[in-house]
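I have placed the structure first, in the form of structure tokens, so that the comments after it can refer back to it.
Below, read A as the first sequence line, B as the second, and so on, with proteins coming before strands; counting in each chain starts at 1. Basis for what follows: all heavy atoms, side chains included, without hydrogens, waters or symmetry-related copies.
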Protein chains: 2
Amino acid sequence: MNKAKIKICSETAVDHQKVRKVAQSLPPENEIVSLTETFKILGDPTRLKIVLALAREELCVCDLATLFSLSVSAISHQLRLLRGMKLVKYRKVGKMVYYSLDDEHIGGIIQLAHIHVREIP
Amino acid sequence: MNKAKIKICSETAVDHQKVRKVAQSLPPENEIVSLTETFKILGDPTRLKIVLALAREELCVCDLATLFSLSVSAISHQLRLLRGMKLVKYRKVGKMVYYSLDDEHIGGIIQLAHIHVREIP
DNA sequence: TATATGATTGAATAATTGCTCAAATGTTTG
DNA sequence: CAAACATTTGAGCAATTATTCAATCATATA
């Protein structure tokens, strides 16, 4: 019931056939939203750095805070988001919590994007 | 001169050797920022849909507005950002402006992320 | 030339977000 | 048990942002 035709442009400007064809070829809305959530979580320097660091070494919250000169709280907040997206896992050892990457794909996605940005100049 | 040691955690908690090692292995700051900009621009449903649509067909602003039931203005604003990132190119034909994808990598990045989100359940 | 139309732009607004600060948890150890 | 410490959490705040609205630009055509 959301598919009602809303008139946005004059009929002459819109190529309805093309529009319909493209509409059918797009992924479903829920997949698009999941995709954007994946990209969004990598779209912040702090979080991306955390992911890159954890891809190399298992680190505790203090290590990450020191590494990026940020407060422990700020790191912890971001780790919570990364946990929510199941991108990182953790291991408790006494008071300390060691985080590491928990995703096989994210590394490849970042690597591909890295190739991309290197070619931009 | 920004490397000054800021004390964040007690010395015992931080594994300075590991931190130093990871710090050296990370990409330079400017590349990280470029990476986040790439991910950020894909991290919005409207923009991602535009990119996905333009990857399939060359479309005018009205086509896109109709396709996603959004105002021409909203689409145009987003297209401006995509132009700024050189992800789309355009072709003027009279009053109309036809947009299409202008990047070889973005498709692969989205495709890889798509595989990722499909495996999440 | 005047009008209509596709597109762009700038200002305004509401929503989101990343960080700080303060307080709370959980665990170790004196 | 109390103090210290690593971490988490929630509230608050400043900055960013996606959309709308109104105005403007550019082109076609009547």
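- The nearest whole Å value for the distance from the NZ atom in B/K92 to the P atom in D/dA28 is 11 Å.
- A salt bridge links B/K49 with A/E29: the closest approach of a Lys/Arg side-chain nitrogen to an acidic carboxylate oxygen falls below 4.0 angstrom.
- A donor-acceptor pair under 3.5 Å is absent between the side-chain atoms of B/R56 and the main chain of A/V22, judged by distance alone.
- Side-chain contact between A/L79 and A/V97: absent, with no pair of heavy atoms (C-beta onward) separated by less than 4.5 Å.
- In this model, a donor atom of one side chain and an acceptor atom of the other lie less than 3.5 Å apart for A/T12 and A/S10.
- Using a 4.0 Å cut-off, some side-chain N or O of B/S71 falls inside it from OP1 or OP2 of D/dT20.
- Rounding to whole angstrom units, CG of residue B/L70 and C1' of D/dT17 are separated by 15 Å.
- Looking only at side-chain heavy atoms (C-beta outward), B/H114 and A/L35 come within less than 4.5 Å of each other.
- Between A/F68 and B/L26 the shortest side-chain heavy-atom distance falls below 4.5 Å.
- Using a 4.5 Å heavy-atom threshold, the side chains of B/T36 and A/D44 count as separate.
- Contact annotation: the side chain of B/I106 approaches that of B/T38 to within less than 4.5 Å [non-hydrogen atoms, C-beta and beyond].
- Here the P atom of nucleotide C/dC19 and the CD1 atom of A/I75 are 8 Å apart, to the nearest Å.
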Give the B/S/- string for nucleotides 4-9 of chain C, one per nucleotide from 5' to 3', where a protein heavy atom under 4.0 Å of the base yields B, of only the sugar-phosphate yields S, and otherwise -. -BSSBB

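- As rounded to whole Å, 14 Å separates atom P of D/dA6 from atom CG of A/L64.
- Put simply, CD on B/Q78 is 13 Å from C1' on D/dT16, counting in whole angstrom units.
- The CD1 atom of A/I41 sits 16 Å away from the P atom of C/dT16 (whole-angstrom rounding).
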All N/O pairs under 3.5 Å across the protein-nucleotides 12-14 of chain D interface:
none

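- Remark: P of C/dT17 and NZ of B/K40 are 12 Å apart, rounded to the nearest angstrom.
- A heavy atom closer than 4.0 Å to some atom of DNA chain C occurs in A/D44, A/T46, A/R47, these being the qualifying members of residues 42-52 of chain A.
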Working for side-chain contact (heavy atoms from CB on, under 4.5 Å), residues A/M85 and A/D103: CA-CA 10 Å; A/M85 294 280 293; A/D103 192 286; over 6 Å; no

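- Between B/L52 and A/I32 there is a side-chain heavy-atom pair separated by less than 4.5 Å.
- One can place CG of A/L82 at 11 Å from P of C/dG18, the figure rounded to the nearest angstrom.
- Below 30°, between 30° and 60°, or above 60°: for A/F39 and B/F39 the angle between ring planes is below 30°, a parallel geometry.
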